[in-house]
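Remarks on the structure that follows.
Every value quoted in this text rests on a predicted model; they were computed, and no experiment measured them. One is the number of the first residue; the rest follow in order along the sequence.
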Amino acid sequence: MKHLKVIVSGGGTGGHIFPALAIANEIRATHPDSEILFVGALGKMEMEKVPAAGYQIVGLPVAGFQRRLTFKNITFFYKLISSLLMARKIIKVFKPDVVVGVGGYASGPLLRAAVNAGIPALVQEQNSFPGVTNRILSKKVNTICVAYENMDRWFPAEKIVLTGNPVRQNLLASVSRDEALKSFGLNPELKTILVIGGSLGARSINQGVLAGLDLIVESNIQVIWQTGKIYYSSLDSQVAQELRTLVKMSDFIQNMDMAYAAADIVISRAGASSISEIALLRKPAVFVPSPNVSEDHQTKNAITLVDKGAARMIPDGESAEIANVAISLLNAPEILEEMKKQLAFFAKPNAAKVIAQEVFKLVK
């Protein structure tokens, strides 16, 4: 294959950025001389994470449309038009062979510019219920890589490839539970809950864990708790010092391979990326879907697993039940084993490789 030029577009949260980087890494692993450009949204976390991973990124001024009446919606249209014009220029100057969209604000303008210019395009839809942008784009793009079955309800069946969602490759490192727990200063003899509210944290999960912390500690259960940056200082001041031998808090966990390896059960939002990681690592989970996402897609993601007995779900407004549900599951080893068995059906360890192959097929 000739020297390959690829644009990867999207971001906004870790759930979009980590799969995007996994796809880019896989493209580069197969074709080391590939030229890969990322296009993200200005002010979003991809502008920091992507350069840290060794890739060039360009930011568009695009932002989301607010569902309530707000001044931001006036600037939305200006930013959208500016982003569409910038996207057209990026396509014209970079001249990609193929464009990959992973979702997030920047994905729409860039993919629209690409298909209008006749550039082959691939969309990676991570959720069981697709967003409006991808549903509109599905009519124009060449390939749609999905993580769930029955997606032909929204997308043209002939364009769909069931690939699963790519996950961070470092999560697959071989780490023993004992070694992982010792790295957090915890006791390998005790059961452990991992709490992750997504890369930005989750208020309701944090409140639920805080409300049930005494009960968890009284049950002699340990907690590894990623609070999110904006919640950390407040929560840190509310957790008593005497609990700190069993409760390890941080705003962001860098070594997630260790955190997952240490966990007997995970409390998490139900973003597509988190679900894919949990399924791949066979970690029993209690999902607390975020209500603040388009068309409540996290609830739909979680229900897909709950219906098969692979997970439990607590509505966001009932997060005070987190401790009770987690403790009861930890005291029911036969249920945890069944959950692990069912999670295997949702695991797609080669997702990034399969998507990269679909990218290569589109190159003329």
Side-chain angles (χ1 to χ4, degrees), residues 5-21 23-24 35-127 130-141 198-201 228-230 271-273 290 292-295 297:
K5 298 183 83 173
V6 183
I7 292 180
V8 181
S9 180
T13 66
H16 292 307
I17 297 162
F18 296 132
L21 288 170
I23 295 166
E35 203 176 333
I36 301 174
L37 174 68
F38 277 75
V39 177
L42 287 171
K44 295 295 181 182
M45 65 187 289
E46 59 264 27
M47 301 307 293
E48 178 191 330
K49 299 286 182 190
V50 169
Y55 292 98
Q56 183 189 352
I57 188 167
V58 177
L60 301 181
V62 65
F65 189 80
Q66 304 295 313
R67 287 175 179 77
R68 63 188 188 281
L69 283 171
T70 168
F71 175 74
K72 284 182 180 175
N73 284 342
I74 298 170
T75 61
F76 166 81
F77 294 103
Y78 169 75
K79 288 178 176 178
L80 179 60
I81 292 163
S82 299
S83 297
L84 285 164
L85 292 171
M86 277 185 71
R88 280 169 59 183
K89 189 175 180 185
I90 290 165
I91 294 290
K92 197 172 178 180
V93 172
F94 187 73
K95 294 184 174 65
D97 298 298
V98 61
V99 170
V100 178
V102 296
Y105 298 141
S107 203
L110 199 286
L111 280 165
R112 184 175 289 279
V115 296
N116 286 345
I119 308 292
L122 175 150
V123 162
Q124 198 250 327
E125 174 54 63
Q126 297 153 6
N127 296 295
V132 175
T133 303
N134 276 356
R135 275 183 273 165
I136 294 167
L137 287 167
S138 69
K139 297 175 179 66
K140 305 266 187 170
V141 300
S199 51
L200 305 174
K229 197 173 288 185
I230 58 175
S273 204
S290 171
N292 309 312
V293 293
S294 61
E295 301 173 83
H297 68 252

Between [X] and [Y] (side chain of the first, backbone of the second, donor and acceptor by atom type, cut-off under 3.5 Å), is there such a pair?
X     : Y      : value
Lys5  : Phe94  : yes
His16 : Val102 : yes
Ser9  : Ala106 : yes

Those residues at least two apart in sequence (or on a different chain) that pass side-chain hydrogen bond (donor to acceptor under 3.5 Å, both in side chains) with Glu125 are Asn134
Using the side-chain hydrogen bond (donor to acceptor under 3.5 Å, both in side chains) criterion, which residues pair with Glu35? Sequence neighbours excluded.
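In terms of side-chain hydrogen bond (donor to acceptor under 3.5 Å, both in side chains), with neighbours along the sequence ignored, Glu35 is linked to His3.
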If we only count heavy atoms from C-beta on, is the [X] to [Y] side-chain gap below 4.5 Å?
X      : Y      : result
Val99  : Ile91  : yes
Tyr55  : Leu37  : no
Ser273 : Gln126 : no
Val8   : Val39  : no
Phe38  : Leu21  : yes

Is there any salt bridge (Lys or Arg N to Asp or Glu O under 4.0 Å) pair reaching into residues 131-140, and which pairs are they, with sequence neighbours excluded?
Arg135-Glu295
Over all atoms of both residues, closest heavy-atom pair of Leu60 and Ser83:
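Looking at all heavy atoms of both residues, the closest pair is CB-OG, 3.8 Å.
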Quick one: closest heavy-atom pair of Gly59 and Met86, and the distance?
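Closest approach of Gly59 to Met86: O-CE, 3.5 Å.
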Pairing residues for Thr133 by the side-chain contact (heavy atoms from CB on, under 4.5 Å) criterion, not counting sequence neighbours
Leu137
Pairs under 3.5 angstrom only: tabulate donor-acceptor contacts from the side chains of residues 40-54 to other protein residues two or more places apart or in another chain.
from	atom 1	to	atom 2	distance (Å)
Glu46	OE1	Gly12	N	2.6
Glu46	OE2	Ala41	N	2.8

Tell me which donor-acceptor pairs under 3.5 Å the side chains of residues 108-123 have, and how far apart each pair is, sequence neighbours excluded?
from	atom 1	to	atom 2	distance (Å)
Asn116	ND2	Arg112	O	3.3

